[in-house]
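Here is the structure we will look at.
Chain naming here is simple, since letters A, B, ... match the order of the sequence lines and numbering starts at 1 in each.
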Amino acid sequence: LPPRARLSRRLERGAADDGFVSIRAVNDMLRLVEPLIPALRRYARALMRDRAAADDLVQDCLERAISRWHQRRLDGDARSWMFSILHNLAINRLRQRARRGPHVAIEDVDDAALARPPSQEVGLRHRDILQALGGLAEEQRCVLLLVSVERLSYAETARVLGIPVGTVMSRLARAREKLLRAMQGDEGKAALERPHLRRVK
Amino acid sequence: MSGRPITEDDLHAYVDEVLDPVRRREVVVYLENHPDVAQRVQGYIGQRATLGSALAPVVEEPVPPELNLARMIEARGRSRLTWWRVAAAAVLLVGIGGAGGWSLHGVFRPVPQGIAALAQEAADSYEVYAPDRARPVEIRASDRSELVDWASHRLTRRVAIPDLATSGYRFMGGRLVATSHGPAVLFMYDDDRGTRLVMLTRLMAVDQNTPMSPDSRGSVTGFTWAAKGVGYSLVGRVSPEILHRIADDVRRQVEESA
């Protein structure tokens with residue numbers, strides 16, 4: 001029996017009586033949270049740059065959302081709420097990682113985990129931009145990802161990060177500028193390294 | 001034109017496509033007149049697109065099983081339930097009984113009492129009689145008064161046959177069933193597509209008045225309750241939502257006939 005069907009059956013059987021979740025809460029969770037999982041994985045992957053670590057984080061995030069569902073503000077939207085849980089977990093994890101020392105340099109992380117293999121022009125561009133992204137300050141990287149990739153509004157991004165909208169805008173501006181410069185630098189470097197591929201364009 | 005100067009924030013809002021149409025037009029005009037800024041903004045737009053497509057494969061990946069939300073909610077519920085089950089089983093063992101429809105298998109396997117026992121008997125009767133094509137009932141619907149008299153005599157209570165026509169189920173007939181808690185009466189219904197429901201009724205020594213409680217075994221669902229010393233269990237291979245509605249209807253009819 002698929003988990004969803006098993007779950008609804010178990011709930012019908014009386015799980016609602018144990019005071020942990022109502023049937024409505026479970027339906028809300030499935031309706032509001034489940035569709036967000038791919039995007040949560042994407043944000044986690046972009047921050048952790050490691051598939052297993054990112055999915056670990058998303059799993060923690062989902063566990064936390066389930067256990068704190070009743071604390072969710074009813075007027076707040078589920079997407080900002082989920083991203084803020086994930087973001088806080090990610091930041092803690094990244095700080096732990098940093099404290100434990102440079103166990104793996106960001107450039108050495110397997111980029112194949114992120115995008116298609118860098119065998120084509122487009123793959124190389126993807127690799128380059130993700131590397132450049134890794135070079136940004138963490139606070140800039142988060143803003144850029146939430147706004148540019150996750151398409152959160154500036155206000156939602158501010159909520160997720162717990163900062164004023166003005167700060168979101170200034171970090172966004174710095175992130176874009178820095179990334180642009182890094183990519184332009186890479187273009188020059190890449191042109192030297194891969195002339196035969198560049199000519200294909 | 002609003003006359004407001006174009007800000008850096010406007011440029012980013014332009015890149016992120018969140019400007020209102022009026023402001024957007026103003027930014028477009030501004031960029032036409034400032035090619036250096038336009039080039040930078042074009043760079044941001046390209047960067048946004050590249051970043052999006054670089055990370056797009058992640059959302060296309062199938063979600064791994066450890067991120068199955070339904071399973072996670074279920075697992076969490078199960079761990080919370082453990083102490084409940086143990087507590088419920090302990091209550092049964094000290095003889096108070098009636099842990100209200102909890103399925104306790106895998107803990108102590110106590111002999112079910114009260115409506116838990118009735119639910120089990122109803123499910124067993126369903127498994128035996130509902131698939132029977134030759135003689136599912138002993139007394140047919142056409143002899144319903146004979147059935148009512150016999151059942152009422154054996155149960156020592158006046159028994160009424162619920163009418164489930166509004167739910168799309170036709171009364172087929174019934175029979176007497178032996179249980180370890182005395183005689184029980186079985187009524188059977190079916191719809192026109194071969195789905196059968198069984199209702200089992202008997203006197204209750206334990207759980208004489210108990211709210212309706214759902215129960216399921218495999219794909220068989222049941223709703224069981226007791227009122228004024230008589231227990232009722234409705235069982236069928238239908239969704240809990242539908243069966244719940246029918247069980248409510250039965251309970252109402254029983255209350256009205258009393």
Heavy atoms of A:Ile66 and B:Leu69 approach each other most closely as CD1-CD1, 4.1 Å
So, do A:Tyr154 and B:Val18 sit near enough that their side-chain heavy atoms are less than 4.5 Å apart? yes
Rounded to the nearest 0.5 Å, what separation is found between the CG atom of A:Leu62 and the CZ atom of B:Arg71? 13.0 Å
Atom CE in A:Met169, atom NE2 in B:His12: separation rounded to 0.5 Å? 6.5 Å
Does A:Arg45 reach the side chain of B:Leu55, with side-chain heavy atoms less than 4.5 Å apart? no
Residue part contacting chain B, namely of A:Val58, when any heavy atom lies under 4.5 Å: both
Could you have a look at B:Gly46, B:Pro64, B:Ser239 and say which one has the most heavy-atom pairs with chain A under 4.5 angstrom? B:Pro64
Heavy-atom cut-off 4.5 Å, strictly under: side chain, backbone, both or neither for B:Ala49 against chain A? neither
Smallest heavy-atom separation, B:Asp16 atom then A:Ser148 atom, equals OD1-OG, 4.3 Å
Given heavy-atom pairs under 4.5 angstrom as the criterion, report whether the side chain, backbone, both or neither of A:Ser170 touches chain B. neither
Can you find a heavy atom in the side chain of B:Gln47 that is under 4.5 Å from one in the side chain of A:Leu180? yes
Most contacts with chain A, counted as non-hydrogen pairs under 4.5 angstrom, among B:Gly52, B:Ala13, B:Gly43, B:Pro62: B:Ala13
Does any part of the side chain of B:Arg40, heavy atoms only, come nearer than 4.5 Å to the side chain of A:Arg176, both counted from C-beta? no
Tell me, with the steps shown, if A:His126 and B:Ser53 meet side-chain hydrogen bond (donor to acceptor under 3.5 Å, both in side chains). CA-CA 8 Å; A:His126 288 167; B:Ser53 63; 2.9 Å; yes
A:Leu30 and B:Ile73: CA distance, side-chain angles, deciding distance, side-chain contact (heavy atoms from CB on, under 4.5 Å) verdict: CA-CA 9 Å; A:Leu30 291 174; B:Ile73 297 171; 4.3 Å; yes
In Å and rounded to the nearest 0.5 Å, what is the CZ to CG distance from A:Arg125 to B:Leu51? 11.5 Å
Looking at side-chain heavy atoms only, is the closest gap between B:Glu61 and A:Arg51 below 4.5 Å? yes
Under 4.5 Å heavy-atom distance to chain B, tell me which part of A:Glu177 shows up: side chain, backbone, both or neither. both
Nearest 0.5 Å, please: how far is CG in B:Asp9 from CG in A:Leu172? 8.5 Å
Enumerate the residue pairs fulfilling salt bridge (Lys or Arg N to Asp or Glu O under 4.0 Å) with a member in residues 79-93 of chain A, sequence neighbours excluded, ordered by first and then second residue. A:Asp60-A:Arg93, A:Arg79-A:Glu156
Which atom names give the shortest non-hydrogen contact between B:Leu67 and A:Ile37, and what distance separates them? O-CD1, 3.6 Å
Looking at B:Arg251, I'd like to know if its CZ atom is crowded, meaning that more than 12 non-hydrogen atoms belonging to other residues, nucleotides or ligands lie closer than 6.0 Å. yes
With only heavy atoms counted, which part of A:Leu145 is less than 4.5 Å from chain B, the side chain, the backbone, both or neither? side chain
Could you check if a side-chain atom of B:Val58 sits within less than 4.5 angstrom of a side-chain atom of A:Pro38, using non-hydrogen atoms only? no
Quick one, A:Arg151 and B:Arg48 - any side-chain contact, counting heavy atoms below 4.5 Å? yes
